[in-house]
Amino acid sequence: MVHIDSLLHAGYHNPVQRPWQVERTLTKGSLMYPIFITDEADSLIPIPSMPNQNRIGVNRLEEVIAPLVQKGLRAVMLFGVPNDSVKDALATAADDPAGPVIQAIKLLKAKFPALLVSCDVCLCEYTSHGHCGHLNEDNTINNEASVRRIAEVAVNYAKAGADNVAPSDMMDGRMRAIKQGLLDAGLSHRVSLMAYSAKYASALYGPFRDAACSGAQFGDRSAYQLPPGSRGLGRRAIERDVREGADIIMVKPAMFYLDIIRDAKELAPDHPIAAYQVSGEYAMIHHAASAGVFNLKTAVLESMASLQRAGCSLILTYFTPELLEWLN
């Protein structure tokens, strides 16, 4: 005899009923599009390891973004890709007023004032050694000096017009330093702070480092990004960033770390939770679909559902242009 409490099919037999069973509905406002801004102002350079993605020069930015805004794009995340000639040990070009990020902020806010412009804040794209901070003489991270510089860059992006700053370096204490810097600059009321709180030392960043030309010249980032198996460190990092003033908590990568996303939602229930579906995840889904393993649209939408089910209200994904079409 079947127990009454085991009869589930009727609750979602009719297609109209199925959305009623979903914790969150994916909308265009749930998406943030990460884009790479090159200092080659007139360029649109395809990224071989990331299908359909480009390094975009500032003079080409409007033509790329305008059609997406018309389709409902609400938010972007900017990553600078400077020429090697401006890189040095201290990342002095990171907040150059003539550099790609600050120029892109100003253009986007002038052309698309309703678009939320977020800036990744890290030094790896601008350091000659490719690490995410300043180094000691023995090539270990100088955390204190790194935090000072990262906070300075974040505040300068905010002064240029950024709506959100998002430090991805994983230095200890950078949330408090940036929040204090925004407060001192009179910007804390309008510029939000998104913490890459639980950012793991993942194999899935490979295509991004190709896109951003930001690979480390020696060693790796395992001393400051979290070990992939470390749930406890992820939880502690989330709790710390909440205490230090983060407005949004992010987990990165996304699909291999659904348990950490759920932890973030439980530890910070009153904060928006973001997940970054990183370059390797994007490339895997694309290549598998190209090989006939599954339908691209079906797989992408399922991946979005998994992130929302885990607790996300914001998803950073390179599939944003396709999703803007599909969500129509």
Only counting residues at least two apart or in another chain, list the ones meeting salt bridge (charged side-chain N to carboxylate O under 4.0 Å, His left out) with Arg60.
Glu63

What pairs meet the ring-ring contact (aromatic ring centres under 6.0 Å, His included) rule with one or both residues in residues 230-264, with sequence neighbours excluded?
Tyr200-Tyr257

Decide yes or no for Leu233 and Pro227: does some side-chain heavy atom of the first lie under 4.5 Å from some side-chain heavy atom of the second?
yes

Under 4.5 Å side-chain linkage, directly or through intermediates, the cluster mates of Tyr12
Leu8

Is the backbone N or O of Leu26 less than 3.5 Å from a side-chain atom of Ser30, with the two atoms forming a donor-acceptor pair by type?
no

Decide yes or no on side chain to side chain contact (heavy atoms under 4.5 Å, CB included) for Leu108 and Leu78, but give the supporting numbers first.
CA-CA 11 Å; Leu108 290 172; Leu78 305 183; 3.9 Å; yes

Hey, what do you get for CD1 (Ile37) to CG (Asp120), rounding to the nearest 0.5 Å?
12.0 Å

Pairing residues for Ser118 by the side-chain hydrogen bond (donor to acceptor under 3.5 Å, both in side chains) criterion, not counting sequence neighbours
Asn164

Is it true that a side-chain atom of Gln21 and a backbone atom of Gly11 form a donor plus acceptor pair closer than 3.5 Å?
yes

Pair Asn54-Phe36, side chain to side chain contact (heavy atoms under 4.5 Å, CB included): steps then yes or no:
CA-CA 7 Å; Asn54 299 282; Phe36 301 96; over 6 Å; no

Is the shortest side-chain heavy-atom distance between Val86 and Asp96 below 4.5 Å?
no

Short side-chain to backbone donor-acceptor contact, Gln17 and Asn14, under 3.5 Å:
yes

Please give the remaining members of the hydrophobic cluster of Ile45, linking ILVMFWY side chains under 4.5 Å, ordered by chain and number.
none

Side chains of Val147 and Asp172 in contact at under 4.5 Å (non-hydrogen atoms)
no

Side-chain touch Arg235/Arg231, heavy atoms, less than 4.5 angstrom:
yes

Hits for side-chain hydrogen bond (donor to acceptor under 3.5 Å, both in side chains) against Arg190, two or more places apart or cross-chain, chain-then-number order -> none

Residue pair Met284 / Leu204, side-chain heavy-atom distance below 4.5 Å
yes

When you measure from the centre of the six-membered ring of Tyr224, is the NZ or CZ of Lys199 under 6.0 Å away and within 45° of the axis?
no

Are Thr140 and Asn136 close enough that a side-chain donor and a side-chain acceptor fall under 3.5 Å?
yes

Specify the closest pair of heavy atoms between Ala274 and Met194, including all atoms of both residues, with the distance to one decimal.
CB-SD, 4.0 Å

For Glu144, enumerate each residue passing the salt bridge (charged side-chain N to carboxylate O under 4.0 Å, His left out) test, keeping only those at least two apart in sequence or located in another chain.
Arg148

Within the side chain of Ser230, is there an N or O that forms a donor-acceptor pair under 3.5 Å with the backbone of Gly232?
no

Evaluate the side-chain proximity of Ile105 to Tyr157: yes if any heavy-atom separation is below 4.5 Å, no if none is.
yes

So side chain to side chain donor-acceptor pair (under 3.5 Å) across residues 104-116, not counting sequence neighbours, yields Lys109-Asp163

Show the nearest heavy-atom pair for residues Leu31 and Ala75, with the distance to one decimal.
O-CB, 4.0 Å

Listed partners of Lys179 passing salt bridge (charged side-chain N to carboxylate O under 4.0 Å, His left out), at least two apart:
Asp247

Determine whether the side chains of Asp88 and Ser128 contain a donor N or O and an acceptor N or O closer than 3.5 Å.
no

Between the side chain of Ser202 and the main-chain N/O of Tyr205, is any donor-acceptor distance below 3.5 Å?
no

Ignoring hydrogens and angles, tell me if any N or O in the side chain of Arg74 forms a donor-acceptor pair with the backbone of Gly29 under 3.5 Å.
no

Side-chain donor/acceptor of His129 to backbone N/O of His134, under 3.5 Å:
no

Sequence neighbours excluded, the answer for salt bridge (charged side-chain N to carboxylate O under 4.0 Å, His left out) partners of Asp95 is Arg149

Pairwise side-chain contact, Arg55 with Ile47, heavy-atom cut-off 4.5 Å (strictly under):
yes

Evaluation steps, salt bridge (charged side-chain N to carboxylate O under 4.0 Å, His left out), between Arg176 and Asp241
CA-CA 8 Å; Arg176 180 179 287 113; Asp241 288 352; over 6 Å; no

Kindly check if the number of other-residue, nucleotide or ligand heavy atoms within 6.0 Å of CZ (Arg236) is above 12?
no

Give a yes or no on whether the backbone of Ile141 and the side-chain of His131 come within a donor-acceptor separation of less than 3.5 Å.
no

Compare every heavy atom of Ala268 with every heavy atom of Ile249, then report the nearest pair and how far apart it is.
CG1-CB, 4.3 Å

Interatomic distance, CG@Leu226 vs OG@Ser197, rounded to 0.5 Å, equals 9.5 Å

Is there a chain of hydrophobic side chains (I, L, V, M, F, W, Y, each step under 4.5 Å between heavy atoms) that links Val155 to Leu90?
no

Hydrophobic clustering (ILVMFWY, side-chain heavy atoms < 4.5 Å, transitive) - are Leu314 and Met255 grouped together?
yes

Tell me the closest heavy-atom pair linking Lys159 and Ala185, and the distance in Å.
CE-CB, 4.1 Å

Only pairs under 3.5 Å count here: list side-chain donor-acceptor contacts from residues 296-305, not counting sequence neighbours, and write none if there are none.
from	atom 1	to	atom 2	distance (Å)
Thr298	OG1	Asn295	OD1	3.1
Ser303	OG	Gln277	NE2	3.1
Ser303	OG	Val300	O	2.6

Can you hop from Tyr318 to Phe294 via hydrophobic side chains spaced under 4.5 Å?
yes

Closest non-hydrogen atoms of Ala283 and Ser49, given as atom of the first, atom of the second and distance, are CB-O, 3.8 Å

Does the distance from a Lys or Arg side-chain N to an Asp or Glu carboxylate O, for Arg262 and Asp259, drop under 4.0 Å?
no

Would you check if Ile261 and Leu258 make a side-chain contact, meaning some heavy-atom pair closer than 4.5 Å?
yes

Distance-minimising heavy-atom pair for Cys132 and Asp169
O-CB, 3.7 Å

Kindly confirm or rule out a cation-pi arrangement of Lys87 over Tyr126, judged by NZ or CZ under 6.0 Å from the six-membered ring centre and within 45° of its axis?
no

In terms of side-chain heavy atoms, does Tyr282 have a donor or acceptor partner in Gln53 at a distance below 3.5 Å?
yes

What do the steps show when you test Phe112 against Leu73 for side chain to side chain contact (heavy atoms under 4.5 Å, CB included), and what is the final call?
CA-CA 10 Å; Phe112 312 104; Leu73 180 67; over 6 Å; no

What do the steps show when you test Val165 against Leu193 for side chain to side chain contact (heavy atoms under 4.5 Å, CB included), and what is the final call?
CA-CA 5 Å; Val165 288; Leu193 178 54; 4.0 Å; yes

Output a table of donor-acceptor pairs, distance under 3.5 Å, between side-chain atoms of residues 319-328 and any protein atom two or more places apart or on a different chain; print 'none' if there are none.
from	atom 1	to	atom 2	distance (Å)
Thr320	OG1	Thr317	O	2.7
Glu325	OE2	Lys71	NZ	2.5
Asn328	OD1	Lys28	NZ	2.5

Does the side chain of Asp184 pick up a donor-acceptor pair with the side chain of Gln180 at under 3.5 Å?
yes

Do Leu187 and Val101 share a hydrophobic cluster (ILVMFWY, side-chain heavy atoms under 4.5 Å, transitive)?
yes

